[in-house]
Amino acid sequence: MARHNRTGEGVDQRGHAYEISYQPDWLRQVKVTRSLESGRQSTKTLFRNPADRRETDPGDRVRTRIVSREQGLEVEVSLDDVGSRITRLRVACVVDNADGDPEEVEFTLDGDLRPPRDR
């Protein structure tokens, strides 16, 4: 039986704070990719699940919520995953940058947390 979501937090390349609600037996890490002032693209690990293995099998639904209040960003993905086949999700969002111009920010949700040691 799937366990209730947990919460975590992280900070991106530009210092924006994020809250992450995640499934403790599915999500391994969240990475954020965005453009820097120099024009280069940067990817940073935003959050890593403190557990290195799951305690039980994940449920039939993959669900993760990412919130950055200062950027006005609130997104939640929820997908049916009967059979635990999803290992990675990529979600692209548009936020306003410091100049008020739209900027794409991409989140990569890596799942597939390792099974318990007794399996």
Side-chain angles (χ1 to χ4, degrees):
M1 180 175 175
R3 297 184 297 151
H4 293 291
N5 273 21
R6 304 290 188 264
T7 57
E9 54 189 35
V11 177
D12 73 7
Q13 301 90 322
R14 294 201 177 157
H16 298 293
Y18 293 84
E19 298 170 12
I20 295 97
S21 174
Y22 66 98
Q23 291 169 288
D25 297 309
W26 182 79
L27 186 74
R28 188 168 42 88
Q29 65 184 5
V30 176
K31 292 185 178 184
V32 59
T33 302
R34 66 187 313 156
S35 296
L36 301 175
E37 288 83 6
S38 66
R40 296 190 63 194
Q41 195 174 56
S42 171
T43 299
K44 178 182 179 187
T45 299
L46 183 63
F47 170 78
R48 190 178 315 270
N49 188 340
D52 66 341
R53 296 180 178 273
R54 60 184 191 239
E55 289 183 16
T56 187
D57 290 333
D60 290 340
R61 181 171 294 264
V62 171
R63 188 179 65 185
T64 304
R65 184 170 183 240
I66 301 171
V67 176
S68 176
R69 297 195 196 297
E70 62 192 282
Q71 295 180 95
L73 176 72
E74 184 171 345
V75 63
E76 181 172 330
V77 294
S78 180
L79 299 169
D80 289 336
D81 184 23
V82 179
S84 298
R85 302 287 185 193
I86 297 174
T87 59
R88 177 175 295 142
L89 295 171
R90 295 172 82 184
V91 179
C93 304
V94 175
V95 297
D96 290 338
N97 65 17
D99 297 329
D101 296 324
E103 174 189 358
E104 186 175 272
V105 178
E106 183 178 286
F107 301 97
T108 303
L109 313 176
D110 286 324
D112 203 23
L113 200 60
R114 296 186 300 170
R117 293 189 195 282
D118 60 345
R119 290 193 184 175

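Since the structure is predicted, the reported quantities are computational estimates derived from the model, not experimental observations.
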CD (E9) with more than 12 external heavy atoms under 6.0 Å:
no
In short, G83 meets D60 closest at the heavy-atom pair N-OD1, 4.5 Å
Short side-chain to backbone donor-acceptor contact, D81 and I86, under 3.5 Å
yes
Please report the shortest heavy-atom distance between H16 and S68, naming the atom on each side.
CB-OG, 4.2 Å
Classify the ring geometry between F47 and Y22 as parallel (under 30°), tilted (30 to 60°) or perpendicular (over 60°).
tilted
Are T56 and D25 close enough that a side-chain donor and a side-chain acceptor fall under 3.5 Å?
no
Path from V67 to I20 over hydrophobic side-chain contacts below 4.5 Å:
no
So, taking the atom named CD in Q29 and the one named OG1 in T108, what distance separates them when rounded to the nearest 0.5 Å?
9.0 Å
Do V77 and L113 land in one hydrophobic cluster if side-chain heavy atoms of ILVMFWY residues count as linked below 4.5 Å?
no
With a 3.5 Å cut-off and no angle check, do the side chains of R61 and S78 form a donor-acceptor pair?
yes
In Å and rounded to the nearest 0.5 Å, what is the CD to CD distance from E74 to E19?
9.0 Å
Heavy-atom closest pair, residues R6 and H4
NH1-O, 2.7 Å
Calculate, to the nearest 0.5 Å, the distance between atoms CZ and CG belonging to R3 and D57 respectively.
11.5 Å
Please determine whether side chain to side chain contact (heavy atoms under 4.5 Å, CB included) holds for the pair N97 and R14, giving the CA-CA distance in whole Å, both sets of side-chain angles, and the decisive distance to 0.1 Å.
CA-CA 10 Å; N97 65 17; R14 294 201 177 157; 4.0 Å; yes
Heavy-atom closest pair (L46 atom, Y18 atom, distance to 0.1 Å) is CD1-CD1, 3.5 Å
How would you list, by chain and number, every residue that makes a side-chain hydrogen bond (donor to acceptor under 3.5 Å, both in side chains) with D52, sequence neighbours excluded?
R114
If two hydrophobic side chains count as joined below 4.5 Å and joins carry through other members, does L89 share a cluster with V32?
yes
I'd like to know if K31 and E106 make a salt bridge, using a cut-off of under 4.0 Å between side-chain N and carboxylate O.
no
To check you understand the geometry: which heavy-atom pair defines the closest contact between R63 and Q23, and what is its length?
N-OE1, 2.7 Å
I need the single residue from E103, Q13, E104 that forms a side-chain hydrogen bond (donor to acceptor under 3.5 Å, both in side chains) with R34. Which is it?
E103
Does R53 have more than 12 heavy atoms from other residues, nucleotides or ligands lying within 6.0 Å of its CZ?
yes
When you group the ILVMFWY residues by side-chain heavy-atom contacts below 4.5 Å and let the links chain together, are V11 and F107 in the same group?
no
Test applied, side chain to side chain contact (heavy atoms under 4.5 Å, CB included); reference residue, S21; option that passes from T64, N5, L27
N5
Hydrophobic cluster membership, I66 vs V91, 4.5 Å side-chain cutoff
yes
